[in-house]
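Throughout, a chain's letter reflects where its sequence line sits, starting with A, and its residues are numbered from 1.
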There are 2 protein chains.
Amino acid sequence: MINSKIPQATAKRLPIYYRYLGILYNSGKKRISSTELAEAVKVDSATIRRDFSYFGALGKRGYGYDVKSLLDFFKKTLNQDKLTNVALIGVGNLGHALLNYNFHGSNNVRISAAFDIDDRITGTIQSGVPIYPMNEMKEQLVEQQIEVVILTVPSPVAQRVTDELVTAGIRGILNFTPLRVNVQDGVRIQNVDLTNELQTLIYFLNHVDQPQASTK
Amino acid sequence: MINSKIPQATAKRLPIYYRYLGILYNSGKKRISSTELAEAVKVDSATIRRDFSYFGALGKRGYGYDVKSLLDFFKKTLNQDKLTNVALIGVGNLGHALLNYNFHGSNNVRISAAFDIDDRITGTIQSGVPIYPMNEMKEQLVEQQIEVVILTVPSPVAQRVTDELVTAGIRGILNFTPLRVNVQDGVRIQNVDLTNELQTLIYFLNHVDQPQASTK
DNA sequence: GATATGTTGTGAAATAATGCACTTTATGCT
DNA sequence: AGCATAAAGTGCATTATTTCACAACATATC
């Protein structure tokens, strides 16, 4: 296993490559050049070659990359060769949509348990996933050996729930709440903030991509 | 209006600052130092000061930043002082959740129209938003002068729908599909890829934050 | 087998972002 | 009023990331 430093920026692009390689493979394509890939994933071809090179010499000069073996390589690298069970904390609006969202299918990840406080839904099974009450959270996470959770609780309780998750031995949190929660070292937070994304887009539209330059 | 170059990295942090300032203001706090802010938003204090300094001298040495005036400044900068109407394209799983998602409230953005092909829902009003059929999309977008859309259609139709959006004069797309869609110059895409986020998180867990170092 | 072609892998330059550490200046206390 | 303290603003070194441009090498062709 290549353990030497992979730049963060590279690591974040790996899933993009992986997904597109899957599409290519399904369409029957046998080989791909960095230039062709570049166009599809909107990343400069030199960046792609550099990214790949961190993992060794994956291509052949004058030929390109073999789709199948590159796909297999990234499958392993991204741990998509084995199933990862994750839990969903908070089955509200967004949580509910994520239960139905087809993570599994393009992705070897399964939501195997969900948790909520609302006793109208706890004890039921939604989209094939059992909903447990919050007071069973720690117990279930430990028992099911779940290390990754998706956090979609209301922000006022985000920190409290997070603390509980950490004591349950969780190592990664995909955080949909707008709060930058505190965790001890060794727990990884990946923030997804929909409001931010929208505001950033609007900011760029009004300040960078101005249709007519406004100097005043 | 400050028009000089604001670094991308800075621009992406502005909504984070803005949100936290709102929280501070509501809690009655009058002033804040960069160090204090740094802790809450998990950004180095020097980076915060640098970020702010691109917009001029917003603070007072020895005192810090005045919460109210900083909040007002960012409100203007992020165009949150006026309402932005956006459209939602594709009312499936995720789309439906976003209709209910409280963009409005912490955020001066309103979903004022939605579009779908399913004639069981077109013509109805969901969560206060009228759902139009796809063949009225262009017409409605032009008429309602909508420039920003949230794209939550199935990926096989993503490019086709995007082309239509561009001819309708759309300037910004918050793209939830996994495809890197093609648009002409001047149209901004902001990609949000939930599968990627999850895969990236899992990658980091297995390769960077290893609980016990595996050298082999 | 030699030659032409295509495309990788990478040294090195360019660009971008971060963060240290210090100067400057405002505030608040005595 | 003067002094101690706090914290912004910033020059600069460092680190990270991107991109150019080319040598190296595999493949295909004649």
Side-chain angles (χ1 to χ4, degrees), chain A residues 2 4-17 20-21 24 29-71 73-74 77 180 191 200 203-204 207-208, chain B residues 2 4-17 20-21 24 29-71 73-74 180 200 203-204 207-208:
Chain A
I2 283 87
S4 51
K5 271 286 174 298
I6 308 295
Q8 284 247 351
T10 296
K12 288 189 185 168
R13 282 188 292 264
L14 298 182
I16 304 173
Y17 301 143
Y20 192 68
L21 286 168
L24 282 177
K29 211 151 176 5
K30 292 272 180 285
R31 60 187 243 187
I32 182 89
S33 70
S34 59
T35 346
E36 215 178 333
L37 193 51
E39 212 167 306
V41 299
K42 310 272 186 289
V43 174
D44 186 90
S45 69
T47 302
I48 293 181
R49 292 198 298 281
R50 172 89 49 193
D51 282 349
F52 289 3
S53 76
Y54 291 116
F55 298 96
L58 303 179
K60 281 186 207 157
R61 291 164 195 242
Y63 176 92
Y65 300 89
D66 180 75
V67 172
K68 176 70 160 61
S69 49
L70 201 54
L71 181 64
F73 178 80
F74 281 123
T77 303
R180 296 327 209 212
N191 292 304
T200 301
Y203 175 82
F204 282 136
H207 295 265
V208 188
Chain B
I2 281 88
S4 51
K5 271 285 172 300
I6 307 295
Q8 285 248 348
T10 296
K12 287 188 184 168
R13 282 188 292 264
L14 298 182
I16 305 172
Y17 301 142
Y20 193 67
L21 286 168
L24 283 178
K29 211 153 176 1
K30 292 272 180 285
R31 60 188 243 187
I32 181 90
S33 70
S34 59
T35 345
E36 213 178 334
L37 192 51
E39 211 167 306
V41 298
K42 310 271 187 289
V43 173
D44 186 271
S45 70
T47 300
I48 293 180
R49 292 197 299 279
R50 172 90 50 193
D51 282 349
F52 289 3
S53 76
Y54 290 116
F55 297 95
L58 303 180
K60 281 188 208 153
R61 292 166 195 240
Y63 176 92
Y65 300 90
D66 180 75
V67 172
K68 176 68 161 61
S69 49
L70 202 53
L71 181 64
F73 179 80
F74 280 124
R180 293 332 207 209
T200 300
Y203 175 82
F204 283 135
H207 295 265
V208 188

> So which one's nearest nucleotide on DNA chain D is more toward 5', A:R31 or B:G62?
Replying inline: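 It is B:G62 whose nearest nucleotide is closer to the 5' end.
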> Going 5' to 3' along nucleotides 16-23 of chain D, which nucleotides have protein heavy atoms under 4.0 Å from the base (write B), which only from the sugar-phosphate (write S), and which from neither (write -)?
Replying inline: -SSBBB-B
With rounding to the nearest 0.5 angstrom, report the [atom1] to [atom2] distance, [X] to [Y].
X	Y	atom1	atom2	result
A:Y203	B:K12	OH	NZ	13.0 Å
A:Y20	A:L71	OH	CG	13.0 Å
B:D66	B:R31	CG	CZ	10.0 Å

Check: residues 36-43 of chain B side-chain donor-acceptor pairs under 3.5 Å, at least two apart:
| residue | atom | partner | partner atom | Å |
| --- | --- | --- | --- | --- |
| B:E36 | OE2 | B:K29 | NZ | 3.2 |
| B:K42 | NZ | A:N182 | OD1 | 2.4 |
| B:K42 | NZ | B:E39 | O | 3.3 |

Length of the [atom1]-[atom2] vector between [X] and [N], whole Å:
X	N	atom1	atom2	value
B:I32	D:dA6	CD1	P	16 Å
A:Y65	D:dT27	OH	P	14 Å
B:L70	D:dA7	CG	P	15 Å
A:K60	D:dA24	NZ	C1'	16 Å
A:L58	D:dA26	CG	C1'	16 Å

>> Could you work out, with salt bridge (Lys or Arg N to Asp or Glu O under 4.0 Å) as the rule, every residue matching B:R13, not counting sequence neighbours?
In response: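 Salt bridge (Lys or Arg N to Asp or Glu O under 4.0 Å) check on B:R13 returns B:D51.
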> Can you name the salt bridge (Lys or Arg N to Asp or Glu O under 4.0 Å) partners of B:K68, sequence neighbours left out?
Replying inline: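 So B:K68 forms a salt bridge (Lys or Arg N to Asp or Glu O under 4.0 Å) with B:D72.
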>> So, using ring pair (Phe, Tyr, Trp, His ring centres under 6.0 Å) as the criterion, who are the partners of A:F52 when residues are at least two apart?
In response: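 Only A:Y17, A:Y65, A:F74 meet the ring pair (Phe, Tyr, Trp, His ring centres under 6.0 Å) criterion with A:F52.
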> How would you give the extent of chain A contacts on DNA chain C, as first and last nucleotide 5' to 3' within a 4.0 Å heavy-atom cut-off?
Replying inline: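 Endpoints of the contacted stretch of DNA chain C: C:dG6 to C:dA12.
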> Reckon B:S34 has a side-chain N or O less than 4.0 Å from the OP1 or OP2 of D:dA8?
Replying inline: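 Checking D:dA8 against B:S34, a side-chain N or O does come within under 4.0 Å of OP1 or OP2.
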> Which heavy atom in B:Y54 sits nearest to a heavy atom in B:K5, and how many Å separate them?
Replying inline: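 Residues B:Y54 and B:K5, closest heavy atoms: CD2-O, 4.4 Å.
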